[in-house]
Structures are given as structure tokens and as C-alpha cells.
Amino acid sequence: MRCEIVAVGTELLLGQIVDTNSSWLGEQLTTVGVDSHFQTKVGDNHQRIVSVLRQALDRSDAVLVTGGLGPTQDDITREAIAAVLGVDLVTDEAIAATIATRFAARSRPMPANNLRQAQVPVGCTAVTDPFPGTAPGLVCPVGDKVIYAVPGVPSEMRTIVGAVVLPDLARRAGNRGAIVSRTLRTWGESESGIAEKLAGRIDELDDTGAATIAFLASGIEGIKVRITAKADTIEAAQALLDAEEALARAVIGDHVFGVDDDTMESVVVALLRERDLTLATAESVTGGLISARITNVVGVSPVFRGGIVSYATDVKYDLLDLPAGPVVTAEAAELMALGARRVLDADVGLGITGVAGPSEQENMPVGTVFVGLAVGESVTVDQLRLPGTRSQVRDYATISALDMLRRRLLAS
Ligand code: ATP
Ligand code: MG
């Protein structure tokens with residue numbers, strides 16, 4: 001079963017909005033084991049939509065169109081589908097009545113255009129549920145193939161695709177198997193380094209076809225390793241994934257910090273919770289970025305005591321008890337970790353100090369960062385030399401410090 005995606009909208013071509021619908025739809029198709037071979041973007045132009053739909057129907061079993069279903073003059077997806085099918089558009093009186101009622105309920109006159117949304121190409125089924133009266137989706141059988149049309153508004157699209165399109169596709173696909181994927185999140189190793197470690201396994205998989213492994217560099221958030229497996233059933237595909245994940249972890253090791261939607265901070269918070277530890281931070285170079293990321297995690301309150309943005313040197317002296325002297329040092333980071341822990345009454349203290357730039361400080365070059373961690377009786381300090389601009393240094397320092405904390409917690 002091959003399904004292809006057509007995203008309609010001139011604004012997609014002009015770069016005014018990003019076609020996130022197609023990405024999401026592509027991901028969904030894998031969950032029902034449907035192959036996805038093409039994604040096309042086309043403007044709001046009747047002839048071009050018709051030609052794209054014809055081509056898609058020609059080479060695929062199912063076509064999933066998003067956008068252009070609204071009430072305005074440039075929403076012409078339903079006309080284009082009618083042209084492709086060679087049928088007329090007829091008004092679905094039930095939908096027309098619902099639209100009229102909706103305007104009446106708000107005591108607003110209804111622009112005639114709105115009734116366009118009640119028009120359905122002959123032979124197609126309008127999907128109004130679960131949005132009675134709004135731009136409905138369409139299911140249009142064409143011989144043993146099918147065109148689905150869903151709204152462009154992402155939330156509406158997702159609901160209709162989940163409720164109607166995916167189940168229908170799965171039914172049409174029969175028991176054709178499932179494709180599942182899992183993304184390992186890694187930090188601290190380059191893309192080429194990870195690729196090298198996995199090269200042997202990727203070659204083996206090229207021969208067996210049981211799974212595929214792909215890399216995605218996501219800048220400051222590390223390298224993502226996406227494993228995709230295909231099998232007759234979801235359960236069998238999941239088992240393949242589990243096996244591949246174990247093999248990948250064996251070679252990538254503790255650079256893997258999480259899976260799928262995990263973030264560095266969500267993983268750190270989970271580790272603190274598991275160990276029943278509270279955290280406090282004292283940040284200089286990162287100016288609160290670590291606290292901000294930590295507090296982004298839902299349910300963090302039992303583990304995060306708070307953070308001190310000890311930016312000025314005398315604040316470090318007065319509030320955190322650092323002795324007068326240089327503050328971009330290993331000793332300063334250590335005392336900041338201990339000071340944060342003491343002042344905020346936490347189990348774990350994190351102190352970070354460094355030079356974000358643009359100019360050096362205390363004869364320390366830009367990118368120098370010290371991270372102190374106080375966990376139980378032990379206090380450790382690591383020194384980093386980070387590349388980039390001021391904001392890159394601060395972002396790298398933030399995720400690096402969180403990663404150090406993660407590793408320390410895993411070891412404790
Ligand atoms: P409406 O009833 O809102 O007119 P529609 O089905 O006609 O719905 P469009 O007019 O094509 O959809 O798009 C409506 C809005 O949905 C766009 O302005 C945009 O914000 C969003 N949208 C449309 N297509 C996409 C897409 N492919 N990816 C992400 N967002 C999209
Ligand atoms: Mg529209």
C-alpha cells in the first residue's frame with residue numbers, strides 16, 4: 001500500500017509557512033505500515049492541483065491532500081478533486097444546515113461563501129465528525145484507490161486523520177505489517193563518531209532489511225539516532241526495535257541520554273526523582289538558563305529547590321561565601337555548588353562559572369567554563385572549552401552541565 005501526501009497552499013511555496021503537516025502525516029503513515037513515497041506541495045491553482053492529484057493517483061494507492069478546504073475563494077481542493085473524478089459538486093444539506101445554525105447561534109449573518117464548505121463531489125463522503133459544521137474532510141474512493149482531503153489547520157487535520165483516515169488506510173492496507181521507529185537521543189559524541197560506531201551494524205542491516213538506522217544532527221541538542229523496523233505485526237516490529245536499540249546502546253554507551261520525547265532536562269529531573277534528591281543551582285555564565293530548562297519539565301517542583309543567578313562577583317562573595325579573588329576558576333565552581341546547596345537547602349548543588357565572551361575575563365579565554373557538582377560527600381569540578389558565539393557558549397554550557405549532572409546521578 002503506497003500513500004502519498006499533497007499539501008495545498010501558495011503560502012507553502014512562498015515560504016510563509018512551513019509544511020509541518022506533511023512531516024506529521026509522513027510519520028503517521030509509518031504507524032499503520034503504509035509506505036510513503038512522495039510528498040508534493042502545490043499552490044492554490046486549479047489546474048496545478050488537478051495535475052498533481054492525477055499524477056499521485058497514477059502512481060500510488062492512496063492520496064492524502066491537506067489544505068484548501070476552507071470557505072474562501074482560494075480554497076479550491078474540493079473543486080480540484082471533483083475535476084479529477086469527473087463529477088459535479090453537490091450541496092450536502094445536512095452540513096449546510098449545521099453551518100447556518102452555527103452562524104445563527106452567534107447572531108451573525110452568514111457569508112454565502114461559507115456554504116462552499118457544504119459542497120461534496122459526487123461519490124465522496126464528507127467527514128464532519130468530530131467537527132460538525134466545520135471544514136469537513138472528504139473520503140473519495142476512485143476505483144480501488146482513494147483520495148482523502150483534510151483541513152490545513154494542523155489541529156483539525158490531526159483529529160480527522162487520527163479518527164478517520166488512519167483507520168481507513170489501515171483497513172485498506174489489510175494485514176500488511178507495521179513500521180515503528182524509535183529515536184535515541186545522544187549527547188557528547190559527533191555524528192561521524194556515532195556513525196563510525198554503528199557502521200558495522202548498518203551494513204548488516206542493509207543485507208537483512210530488518211531495520212534501518214538514520215542520523216539526525218540537531219545542533220545544540222545532540223545527535224538523534226532513529227531506528228525504524230518493519231514487520232508483520234506491531235508487536236514483532238517493536239521486538240525488532242528493542243533488539244536494535246540494545247545493540248546500538250551497547251556501542252554508543254552512555255552518550256545515549258534518552259529516547260523519543262525525552263530531553264536532557266526531563267531525564268535529569270527523572271533521575272533526581274528516582275533517587276529522591278533535590279537540586280539547587282548557582283549560575284553565572286549561563287545566567288539562569290539551567291534553571292529555566294529544569295523548570296520547563298512538568299512535575300519538577302518536588303526536586304528543584306531553586307537557582308541563584310550569581311552574576312556579579314560580589315554576589316558570589318556575599319551570597320555564596322566565595323573568598324575574594326578570581327571567580328572563573330575550578331575552586332569558584334566548587335564553592336558555588338556548595339553555596340547553592342547550602343543557601344537553598346538542597347541535596348545536590350550545581351555551580352557554573354565561565355567566560356561567554358565576546359572578550360576574555362581574568363585572563364581566561366572565551367568559552368572557558370567550570371562546572372561544579374556537589375552530590376553527597378563528593379564535590380567534583382569539570383572544565384570545558386566551548387566553541388562559538390556568546391549565545392552558543394551559554395547554550396552549550398547549559399546542556400553540558402545538565403549532562404554532567406545526569407552522569408553523576410547515574411553513577412551515584
Ligand atoms: P481553513 O478553513 O482555515 O481555510 P483550509 O483547509 O482551507 O482551512 P488552508 O487555508 O490551506 O486550510 O490553511 C489554513 C491554515 O492552516 C494556514 O494558514 C496555515 O496556518 C495552516 N496550514 C495549512 N497548510 C499547512 C501545512 N501544510 N503545514 C502547516 N500548516 C498548514
Ligand atoms: Mg483556507
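Sequential numbering from 1 along the given sequence is applied to the chain's residues. Numbering of ligands and ligand atoms starts at 1, following listing order.
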Quiz item: If hydrogens are left out, which of Pro151, Pro71, Gly152 has an atom nearest to atom 12 (O) of ligand 1, that is, the closest non-hydrogen atom?
Solution: Gly152
Self-check item: Heavy-atom donor-acceptor pair, Arg305 side chain to Ala346 backbone, under 3.5 Å
Solution: no
Quiz item: Can you check whether Ser22 has an N/O within less than 3.5 Å of an N/O in ligand 1?
Solution: no
Self-check item: N or O contact, Leu69 vs ligand 1, cut-off under 3.5 Å
Solution: yes
Quiz prompt | Nearest heavy atoms of Ala149 and Ile81, plus distance in Å | solution = CB-CD1, 3.8 Å
Exercise. Provide the number and element of each atom of ligand 1 under 4.0 Å from a heavy atom of Gly67.
Key: 6 (O), 11 (O), 12 (O)
Self-check item: Contact check: Thr20 vs ligand 1, nitrogen or oxygen atoms, below 3.5 angstrom
Solution: yes
Quiz item: Using heavy atoms and a threshold below 4.0 Å, how should the contact between Pro154 and ligand 1 be classified: side chain, backbone, both, or neither?
Solution: side chain
Quiz item: Going by an N to O cut-off under 4.0 Å, is there a salt bridge joining Arg2 and Asp61?
Solution: yes
Quiz item: For ligand 1, is any non-hydrogen atom under 4.0 Å from Asp75's backbone (N, CA, C, O), its side chain (CB onward), both, or neither?
Solution: side chain
Self-check item: Minimum heavy-atom distance between Ala397 and Ile352, given as atom pair plus value
Solution: O-CD1, 3.8 Å
Practice problem: Indicate yes or no: does Arg54 engage Asp58 in a salt bridge with an N to O separation below 4.0 Å. | Solution: no
Quiz item: Can you find a non-hydrogen atom of Gly68 under 4.0 Å from ligand 1?
Solution: yes
Quiz item: Is Arg185 paired with Asp262 through a side-chain N to carboxylate O contact shorter than 4.0 Å?
Solution: no
Quiz item: What are the atoms of ligand 1, with element, lying closer than 4.0 Å to any heavy atom of Leu12?
Solution: 26 (C), 27 (N)
Practice problem: Could you tell me whether Val18 approaches ligand 1 through its side chain, its backbone, both or neither, with non-hydrogen atoms closer than 4.0 Å? | Solution: backbone
Quiz item: Would Arg407 and Asp403 count as a salt bridge (charged side-chain N to carboxylate O under 4.0 Å, His left out) if you check the C-alpha gap in whole Å, the side-chain angles of each, and the deciding distance to 0.1 Å?
Solution: CA-CA 6 Å; Arg407 288 165 186 270; Asp403 188 50; 3.0 Å; yes
Quiz item: Salt-bridged, Arg182 to Glu244, with N to O below 4.0 Å?
Solution: no
Quiz item: With backbone taken as N, CA, C and O and side chain as the heavy atoms from C-beta onward, which portion of Thr72 lies under 4.0 Å from ligand 1: side chain, backbone, both, or neither?
Solution: neither
Exercise. Please identify which atoms of ligand 1 are closer than 4.0 Å to at least one heavy atom of Val153.
Key: 3 (O), 8 (O), 14 (C), 16 (O)
Practice problem: Report the C-alpha distance between Glu196 and Arg201 in whole Å, list the side-chain angles of each, state the deciding distance to 0.1 Å, and finish with yes or no for salt bridge (charged side-chain N to carboxylate O under 4.0 Å, His left out). | Solution: CA-CA 10 Å; Glu196 207 176 293; Arg201 185 57 192 158; over 6 Å; no
Quiz item: Which bit of Glu11 gets closer than 4.0 Å to ligand 1, counting heavy atoms only: side chain, backbone, both or neither?
Solution: side chain
